[in-house]
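In what follows, chains are A, B, ... by sequence order, proteins preceding strands, each numbered from 1. Source: prediction; values computed, not measured. Keep in mind that the numbers below use all heavy atoms, side chains included, and drop hydrogens, waters and symmetry copies.
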Amino acid sequence: MEKLEKEKLDKLEILRHSTSHILAQAVKRIFPQAKLGIGPPIKDGFYYDFDIDGELLSKNLSRIKEEMENIVKQDLPFQKEKVSKEKAREIFEERNEPYKLELIDEIDDSYVTLYRQGEFVDLCRGPHLKSTGEVKFFTLLSVAGAYWRGKEGNPMLSRIYGTSFFTKKELDKYLKQLEEAKKRDHRKLGKELGIFDIYPDYLGPGLAVYHPNGSIIRDIIERFEKEEHLKRGYQFVVTPHISRSHLWKVSGHLDFYRENMYVFSVGGQEYVLKPMNCPGHIMVYKSKQRSYRDLPLRLFELGTVYRREESGVLHGLLRLRGFTQDDAHIFCLPSQLIDEVRGVLKFALFMMDTFKLGYKITLSTRPVKYIGSEKSWEVATDALKEALRREGLDFEIAPGEGAFYGPKIDIQMEDALGRLWQGPTIQVDFNLPERFDLTYISAEGEKKRVVMIHRVVLGTIDRFLGVLIEHLEGKFPVWLAPVQVRVLTITDKEIPFAKDIYEKIKSEGIRVELDSRNEMLSYKIRESQLQKIPYMVVVGKRETENKLLTVRKRNGENLKNISLENFLKMIKEDISRKK
RNA sequence: GCUGGCGUAGCUCAACGGCAGAGCAGCUGAUUUGUAAUCAGCAGGUUGGGGGUUCGAAUCCCUCCGCCAGCUCCA
């Protein structure tokens, strides 16, 4: 079964790779001056990069697609050819393809493979379909810039994205999925549901304003976080948003990240808007001499930080310039490292579980540029590995992907559409304990260097909320829903009874609203439904007479003749079980 | 930051060199209604900002700001 799946995937890759060659052929037919970059299959389709004015491509996308259809009709065979590097060089020199020449020079073999279809030839490992006629259901999606070989200093090429399938059904399904993802867009839902908004002109880009509904959700999540941190032996601290730049000189951030920090002068003193919480927490650690008996020390803060992110990367709540981390720093003995990491792993996965998110774990090891000794990296990396092993968790290793100051574990959250988002992280830091000279007195009475762990268990509250909106399509479970119940009247006659119900529900601490407007019931239901409110209580003549409730659930299901007591019990059950 | 697309009423969009418009939302009134849109009226705009071309600019040109897709980045 699994093997079949794999084969199907491979076939799809071949199809898409072949489609990308057809795309390149079409572009070369229409724009012979275009230089070819690369054109691989990717997760949901394929792309091809061209060195040509992107405007020409985006204005002619439909023409390019038509030409691709012609090529399909011509049913040109894909012909594989094995040639010497010299021969290949001749071919692409003649065709004036500098990027292909660059690729040839980097191939380690003395032979390379080419694929031809009609007048078109490409340097390519393959494999491909038998002929262009086998490609049937494809579409071109967008044009975007991309640096040659993904390096910022390189020329910017124009990339056409597209996708291709074996059946029309699959293509339609994919296009529908794109629509579906659009519907879940947290920026759109965030606005519609009164959760948050961004005012680039007045307030500035990348700075979110939480409206009442969003603030309630945040508050519930934050209270939950605080409770859970207390249970796990964390202590709370609060550190200021601005501080003298001296702090950031010692930490090294000012030297490395000045461009990304908000630095300003007041009264001849240079100040910095904090981009991280760690130096503040370090002040607490340093405030007195620490004994090994004090360790581990776990300091927690819902710390709001500001980073000057590049304008092109901002994205709703998922990438902001001001955001709040559920940030903690653990100061511990080397011998405590494994257990502390295990504790954080348990904690993070408990959070994923609570919010019904899947996850994927990655361990990132020493990069090329690093500080600290090789030995300490090895010890720390082994400790992270051992912690993962003892928790029985699967993980992938990302070689060389660690931060310059230490190895780390990243947990990506998987949402309802199977998309992955950056979530909790656990990082060991060799840098700051040195820079701030963080020590403890050991049992032998010696001064020793403390081990420092940075960790977040949701990541940032902002991003987490954004992911949650997309994951749930805005349908927050009862414990998080900004409005848990809305009472709807049918005519004005029911207002006194509805008000009574509303007051009773409200006095139980449940977030309830009363819609007693002079509108049709179906209209009120529609509005509540669009607001994704979990429970609607419909109050009409029947309910007023028999004093029992009719409850419409968000999924359209109706509960008839339910007593107020039972309804309240049901909601409280939802809340306590975090449903 | 880079490449391309885009910016018109609170929202979704039309007008594309010749009087700035529609639907929804809002307000007012009528209607008293049983499970996803009752009817009518009213109001709503420096067409992102600045500059230019033109008898005339939402529309064409320049520039700045911002948004979207992607690339790069993410301590």
Side-chain angles (χ1 to χ4, degrees), chain A residues 42 47 49-59 61 141-161 178 182 185 187-188 191-192 197-206 248 251-261 275-279 305 307-316 318-321 323 403-406 408 422 425 427 429 431-432 454 460 463 488-495 516-531 536-543 550-554 556-558 560:
Chain A
I42 51 175
Y47 67 79
D49 287 344
F50 305 94
D51 190 352
I52 186 176
D53 188 357
E55 207 182 329
L56 278 177
L57 295 185
S58 64
K59 291 214 168 117
L61 260 195
L141 296 166
S142 61
V143 180
Y147 298 105
W148 168 237
R149 324 204 79 179
K151 288 211 186 93
E152 205 172 353
N154 283 347
M156 171 75 62
L157 307 183
S158 302
R159 174 174 298 178
I160 298 182
Y161 282 93
L178 287 185
K182 238 191 215 165
D185 192 319
R187 293 166 297 185
K188 179 172 172 281
K191 195 175 238 203
E192 287 170 5
D197 207 349
I198 293 174
Y199 308 89
D201 293 333
Y202 283 98
L203 250 135
W248 304 96
S251 73
H253 291 99
L254 213 48
D255 289 335
F256 284 106
Y257 300 105
R258 193 181 183 103
E259 289 302 296
N260 299 307
M261 293 165 68
M276 302 195 89
N277 301 302
C278 20
V305 297
R307 300 178 185 176
R308 223 218 72 101
E309 303 285 2
E310 287 178 337
S311 59
V313 306
L314 302 175
H315 184 91
L318 301 181
R319 200 73 186 271
L320 290 167
R321 284 182 172 156
F323 50 91
F404 74 91
Y405 53 78
K408 61 173 181 174
Q422 186 53 55
T425 75
Q427 316 193 341
D429 189 339
N431 184 37
L432 293 178
H454 306 253
T460 79
R463 167 178 294 178
L488 314 177
T489 56
I490 292 177
T491 77
D492 287 355
K493 292 191 195 78
E494 292 91 31
I495 291 179
S516 60
R517 292 174 305 167
N518 175 8
E519 294 287 352
M520 293 192 319
L521 177 64
S522 56
Y523 182 79
K524 294 184 186 182
I525 285 179
R526 178 183 154 82
E527 282 202 341
S528 300
Q529 204 72 47
L530 289 173
Q531 284 297 303
M536 289 165 239
V537 175
V538 177
V539 176
K541 195 169 168 221
R542 282 202 300 273
E543 290 75 13
T550 301
V551 175
R552 181 188 158 110
K553 299 214 281 191
R554 186 163 49 190
E557 198 182 313
N558 270 299
K560 291 195 173 147

Determine the contact category for A/Glu519: base if any of its heavy atoms lies under 4.0 Å from a base atom, sugar-phosphate if only primed atoms, P, OP1 or OP2 are that close, otherwise nothing. base
Please list, chain by chain and in numerical order, all residues satisfying salt bridge (charged side-chain N to carboxylate O under 4.0 Å, His left out) with A/Glu527, sequence neighbours excluded. A/Arg517
Protein-proximity profile, nucleotides 70-75 of chain B, B/S/- by nucleotide at the 4.0 Å heavy-atom cutoff, equals BBBBBB
C1' atom, B/rC6 versus B/rA75: distance in rounded Å? 33 Å
Passing option when A/Phe50 is tested against A/Ile160, A/Val143, A/Leu56, A/Leu157 for side chain to side chain contact (heavy atoms under 4.5 Å, CB included): A/Ile160
So, does A/Arg187 get its side chain near the phosphate of B/rA69, meaning an N or O under 4.0 Å from OP1 or OP2? yes
Please state how far atom CG in A/Leu178 lies from atom C1' in B/rC68, giving the value in whole angstrom units. 15 Å
Could you check how far CD of A/Glu494 sits from P of B/rG34, rounded to whole Å? 10 Å
Quote, to the nearest angstrom, the P distance that separates B/rC62 from B/rG23. 36 Å
Who pairs with A/Gln531 by side-chain hydrogen bond (donor to acceptor under 3.5 Å, both in side chains), at least two apart in sequence or on another chain? none
Taking atom P of B/rC2 as reference, at what distance in whole Å does atom CG of A/Asp53 sit? 16 Å
With rounding to whole Å, what would you report as the distance between B/rC27 and B/rA69 at their P atoms? 33 Å
Which residues pass the salt bridge (charged side-chain N to carboxylate O under 4.0 Å, His left out) test with A/Lys59, not counting sequence neighbours? A/Glu55
d(CE, A/Met536; C1', B/rG34) in whole Å: 14 Å
Within this structure, what is the CZ-to-C1' distance between A/Arg517 and B/rG34, rounded to whole angstrom? 17 Å
With rounding to whole Å, what would you report as the distance between B/rA9 and B/rG5 at their P atoms? 22 Å
Residues forming a salt bridge (charged side-chain N to carboxylate O under 4.0 Å, His left out) with A/Lys493, sequence neighbours excluded: none
Any donor-acceptor pair, under 3.5 Å, between the side chain of A/Glu543 and the base of B/rG34, if you only look at N and O atoms? yes
With A/Arg554 via salt bridge (charged side-chain N to carboxylate O under 4.0 Å, His left out) - residues at least two apart: none
Separation of A/Ile160 atom CD1 from B/rU3 atom P, in whole Å? 18 Å
The answer to which of A/Glu527 and A/Ser311 contacts RNA chain B further toward the 5' end, by nearest nucleotide, is A/Ser311
Any residue meeting side-chain contact (heavy atoms from CB on, under 4.5 Å) with A/Arg542, in chain and number order, not counting sequence neighbours: none
Donor-acceptor pair, distance only, cut-off 3.5 Å: does the side chain of A/Arg159 make one with the backbone of A/Ala144? no
What pattern of brackets, bars and dots sums up RNA chain B from 5' to 3', given Watson-Crick or G-U wobble pairs under 3.5 Å, [ ] for crossing pairs and | for another strand? (((((((..((((....[..)))).(((((.......))))).....(((((..]....))))))))))))....
Among all residues two or more places apart in sequence or in another chain, which pass the side-chain hydrogen bond (donor to acceptor under 3.5 Å, both in side chains) test with A/Ser158? none
Quick check against the 3.5 Å criterion: does A/Arg308 have a side-chain atom that pairs as donor or acceptor with the backbone of A/Asn260? no
May I ask you to say what A/Thr550 touches in the nucleic acid, namely base, sugar-phosphate or nothing, with a heavy-atom cut-off under 4.0 Å? base
Return the value, rounded to whole Å, for the distance between atom CD of A/Gln531 and atom C1' of B/rA25. 12 Å
Nearest-Å distance once atom P is located in both B/rA15 and B/rC74: 43 Å
Picking from B/rA36, B/rU32, B/rG66, which would you name as closest to the side chain of A/Pro205? B/rG66
Assess whether atom NZ of A/Lys560 is packed by more than 12 heavy atoms of other residues, nucleotides or ligands within 6.0 Å. no
Among all residues two or more places apart in sequence or in another chain, which pass the side-chain contact (heavy atoms from CB on, under 4.5 Å) test with A/Leu314? A/Pro205, A/Glu309, A/Arg321
What's A/Leu157 touching, base or sugar-phosphate or nothing? Going by heavy atoms closer than 4.0 Å. nothing
A/Tyr523 vs B/rU32: side-chain N/O to OP1/OP2 distance below 4.0 Å: no
For A/Phe323, ring pair (Phe, Tyr, Trp, His ring centres under 6.0 Å) partners two or more places apart: none
Distance between P atoms of B/rC64 and B/rC2 (Å, rounded): 10 Å
Taking only the P atom of each, what is the distance from B/rC16 to B/rU59 in whole angstrom? 13 Å
Treat primed atoms plus P, OP1 and OP2 as sugar-phosphate and everything else as base, then score nucleotides 5-11 of chain B 5' to 3': B for base contact with protein heavy atoms under 4.0 Å, S for sugar-phosphate contact only, - for none. S-----S
For the C1' atoms, the ones on B/rA25 and on B/rC11, what distance do you get once it is rounded to whole angstrom? 7 Å
Atom NZ of A/Lys524 to atom C1' of B/rG34: distance rounded to whole Å? 11 Å
